[in-house]
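Labels below follow one simple rule: chain letters A, B, ... track the order of the sequence lines, proteins then strands, and each chain is numbered from 1. Given the structure is predicted, the values throughout are model-derived calculations rather than measurements.
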Amino acid sequence: MELTQEIRDKYQPVIGLEVHAQMLTKTKAYSNDINEYGAAPNTNVSAISLGHPGTLPRMNKQTINYAIKMGLAIGSEIAEYQSFDRKNYFYPDLPKGYQITQDITPICTGGEVVIKDAEGNEKGIRITRIHMEEDAGKSIHDIDPFNTLIDLNRAGVPLIEIVSEPDIATSQEAYDYLTEIRKLVRYLDICDGNMEEGSLRCDANISVMLKGAKEYGQRVEVKNMNSIRNVQRAIEHEIERHIIAIEKGEKIAQETRNYNALTNETTAMRSKEAANDYRFFPEPDLQPIRVTQDHIDKVKEGMPPLPNYLFKRYTNELKLSEYDAGILTDQKEIALYFEEVIKTTSNYKSAANWVMGDMKSYLNAQAIPVSEFQITPEQLGELVNLIDEGKVSHNLASQKIFPAMLENPGNPEKIAADNDWLQSNDGNEIEGFLDEVIAENPAEVERFKNGEKKLMGFLMGQLMKKSRGKADPKMATQLINKKLG
Amino acid sequence: MEITNDLIEHIAHLARLEFNGEENERIKADLENIISFVDQLQKVDTEGLEPLVYMTEEINVLREDTPAVTVTQEEALKNAPNKDSDYFKIPKVLKG
């Protein structure tokens with residue numbers, strides 16, 4: 001059956017996302033073995049993460065702080081009193097037979113993540129809760145043909161699970177929501193946000209109903225999407241599958257489905273009724289947590305400026321375009337670098353152009369992070385000022401001084417002076433060059449005099465060549481007009 | 001509470017266990033025993049009492065985020081019935 005736009009438009013998708021983020025702590029959630037991706041199998045383990053009998057979990061301080069940061073970033077309420085619960089299920093990569101999680105008292109409740117809807121208006125996606133829990137180990141099915149192999153390095157790695165309300169209406173909004181979450185966890189430095197390596201994971205709850213309907217359609221959970229783009233594609237596929245089924249009068253089964261990126265399809269994994277009986281009960285081995293306002297304030301002090309705050313500041317106060325503000329705030333390292341540059345110069349637009357243009361293309365070409373960029377923000381700010389003061393032209397700054405600063409970082413004015421690149425605003429010197437240009441190009445000079453003003457560009461070009469780019473363009477223009485006008 | 005065969009099957013499935021006919025009868029008798037004991041406990045009047053979850057009243061028993069290596073890979077794998085030099089081996093849980 002073909003799904004026309006007309007049929008699609010009859011329906012309203014309802015989407016909620018569950019995001020798991022691995023915390024960038026040094027140790028695991030409830031034990032002090034190393035939390036690190038990519039180590040040799042079963043080397044980052046302890047008696048606790050291996051689930052040996054008689055061992056007791058101990059809560060990592062830092063996980064609590066990281067979860068509080070995320071909550072503060074999206075305006076959640078931080079729970080004063082929290083306890084832990086056991087979620088029981090039997091699977092080989094879960095050695096204890098249960099996951100320690102926060103079922104009853106999640107650390108954060110409420111808050112919202114702001115995205116833009118299809119019309120470009122701000123839309124808040126409400127957050128139900130954020131709770132702390134632990135990751136399971138890894139089952140490897142494709143190395144040994146006769147056995148499944150288990151690596152428990154990941155067992156006990158701290159996670160926060162961020163659960164949204166079903167406020168997401170399109171696959172594009174899901175894409176934007178996830179992009180925003182990833183940006184936030186990276187700004188906060190609590191998760192590396194790498195979906196390919198699984199440090200950020202997303203399950204999507206999707207249902208479809210007729211527009212204006214009062215009751216949601218049958219909900220299906222989709223798993224196993226290892227990029228933000230794949231989440232978008234899986235949701236799109238699932239929406240279409242639901243609409244087609246409903247149009248045909250078929251029933252949507254309540255089930256968990258697996259996304260296959262190669263075929264861009266979802267297939268049933270297990271039916272919910274049969275499998276899910278987690279028999280939650282309180283975890284008696286971990287004492288409860290009490291978080292004081294004083295502690296929350298301390299965590300808040302250590303937080304960087306957040307992207308939505310910076311975006312608003314750049315567009316409202318610095319008068320940068322939304323496009324520029326978007327690029328500058330996309331990556332924390334770029335934004336913080338820019339923040340430093342504008343401590344030295346108040347030409348925000350020019351500073352933004354340097355950071356987004358020359359600097360970013362250099363970083364991309366060399367494939368290096370901002371932390372390895374040779375030029376300090378102060379030096380880049382000084383370069384912006386040098387141009388604004390008329391001491392060098394933008395071209396010369398970009399083509400000569402910037403590359404020289406990359407080679408040998410230092411004060412740009414000194415570099416320009418050492419290389420004899422400072423613009424000449426010595427009228428006599430420029431006039432000397434102009435006289436040479438006039439003598440060498442009599443035909444063009446004649447045409448210019450006769451009103452062919454577009455030859456100004458040619459004359460300036462010749463003059464710049466003679467002065468090796470150093471002539472102050474304003475003064476040169478004035479001189480040309482005075483002599484030949 | 002009645003222990004039905006369906007209930008046994010459900011609980012066994014959650015623990016990935018299987019019972020044959022005779023085992024089924026034995027586990028049924030065991031479970032009935034346990035349940036009747038719990039039923040007896042439930043007769044105690046607990047009105048107005050908070051459930052006791054923790055053995056102490058301590059809060060914020062927290063740990064610094066400082067790593068340590070307490071178990072080597074060899075030690076981790078030592079007690080496993082089936083393993084190679086790197087991994088625990090278990091029966092295949094997914095088909096090819």
(request) Measure Tyr81(A) against the heavy atoms of chain B and call it side chain, backbone, both or neither at under 4.5 Å. (result) side chain

(message) Contact between Ile59(B) and Ile289(A) at the side-chain level, heavy atoms closer than 4.5 Å - yes or no?
(response) no

(request) May I ask you to say whether Lys61(A) pairs ionically with Asp65(B), meaning some side-chain N is under 4.0 Å from a carboxylate O? (result) no

(message) For a 4.5 angstrom cut-off between non-hydrogen side-chain atoms, does Tyr54(B) reach Leu286(A)?
(response) no

(request) Kindly check if the number of other-residue, nucleotide or ligand heavy atoms within 6.0 Å of CD (Glu18(B)) is above 12? (result) no

(request) Side chain from CB out, backbone as N, CA, C, O: work out which of these in Leu77(B) comes under 4.5 Å of a heavy atom of chain A, or both, or neither. (result) side chain

(message) Between Pro41(A), Pro92(A), Pro145(A), who has the most heavy-atom pairs with chain B when the cutoff is under 4.5 Å?
(response) Pro41(A)

(message) For a 4.5 angstrom cut-off between non-hydrogen side-chain atoms, does Thr66(B) reach Asn32(A)?
(response) no

(message) Within this structure, what is the CZ-OH distance for the pair Arg16(B) and Tyr89(A), rounded to the nearest 0.5 Å?
(response) 11.0 Å

(message) So, taking the atom named CD in Gln73(B) and the one named CG in Asp151(A), what distance separates them when rounded to the nearest 0.5 Å?
(response) 9.0 Å

(request) Between chain A and each of Ala76(B), Ser85(B), Ala68(B), count heavy-atom pairs under 4.5 Å; write down the option with the most. (result) Ala68(B)

(message) Looking at Gln293(A), I'd like to know if its CD atom is crowded, meaning that more than 12 non-hydrogen atoms belonging to other residues, nucleotides or ligands lie closer than 6.0 Å.
(response) yes

(message) Tell me whether the count of non-hydrogen atoms from other residues, nucleotides or ligands lying under 6.0 Å of CD in Glu75(B) goes above 12.
(response) yes

(message) Quick one, Phe88(B) and Asn42(A) - any side-chain contact, counting heavy atoms below 4.5 Å?
(response) yes

(message) So Ile140(A) and Tyr87(B), do their side chains get closer than 4.5 Å, heavy atoms only?
(response) yes

(request) Check whether any side-chain heavy atom of Met59(A) lies under 4.5 Å from a side-chain heavy atom of Asn60(B), and answer yes or no. (result) no

(request) Can you measure from CZ (Arg58(A)) to CG (Leu62(B)) and round to the nearest 0.5 angstrom? (result) 8.5 Å

(request) Check whether any side-chain heavy atom of Ile34(A) lies under 4.5 Å from a side-chain heavy atom of Val69(B), and answer yes or no. (result) yes

(request) Check the surroundings of atom CD in Glu9(B): do more than 12 heavy atoms from other residues, nucleotides or ligands lie under 6.0 Å from it? (result) no

(message) Main chain of Asp144(A), side chain of Lys92(B): is a donor-acceptor contact present, judged purely on distance under 3.5 Å?
(response) yes

(request) Examine whether an atom of Tyr30(A) lies under 4.5 Å from a heavy atom of chain B, and if so say whether it belongs to the side chain, the backbone or both; otherwise answer neither. (result) backbone

(request) Measure distances from Leu50(A) to the heavy atoms of chain B and classify the residue's part below 4.5 Å as side chain, backbone, both or neither. (result) side chain

(request) Against chain B, work out which of Lys28(A), Arg279(A), Gln62(A) has the most heavy-atom pairs shorter than 4.5 Å and name it. (result) Arg279(A)

(message) Looking only at the side chains, is there a donor atom on one of Arg63(B) and Ser31(A) sitting less than 3.5 Å from an acceptor on the other?
(response) no

(message) Using a 6.0 Å cut-off, check whether atom NZ of Lys83(B) has over 12 heavy atoms from anything other than its own residue.
(response) yes

(request) Under 4.5 Å, counting heavy-atom pairs only, tell me which of Pro284(A), Pro282(A), Pro288(A) racks up the most with chain B. (result) Pro288(A)

(request) Check whether Ala29(A) gets within reach of chain B through its side chain, its backbone, both or neither, counting any heavy atom under 4.5 Å. (result) backbone

(request) Would you give the length of the straight line joining atom CD1 of Ile150(A) to atom CG of Asp86(B), rounded to the nearest 0.5 angstrom? (result) 13.5 Å

(request) Give a yes or no on whether the backbone of Lys89(B) and the side-chain of Asn147(A) come within a donor-acceptor separation of less than 3.5 Å. (result) no

(request) Among the options Val71(B), Ile90(B), Thr70(B), pick out the one with the most heavy-atom pairs lying under 4.5 Å from chain A. (result) Ile90(B)

(request) Against chain B, label Glu283(A) side chain, backbone, both or neither, depending on which of its atoms sit under 4.5 Å from a heavy atom there. (result) backbone

(message) Given 3.5 Å as the limit, does a donor-acceptor pair link the side chain of Glu58(B) with the main chain of Gln287(A), or not?
(response) no

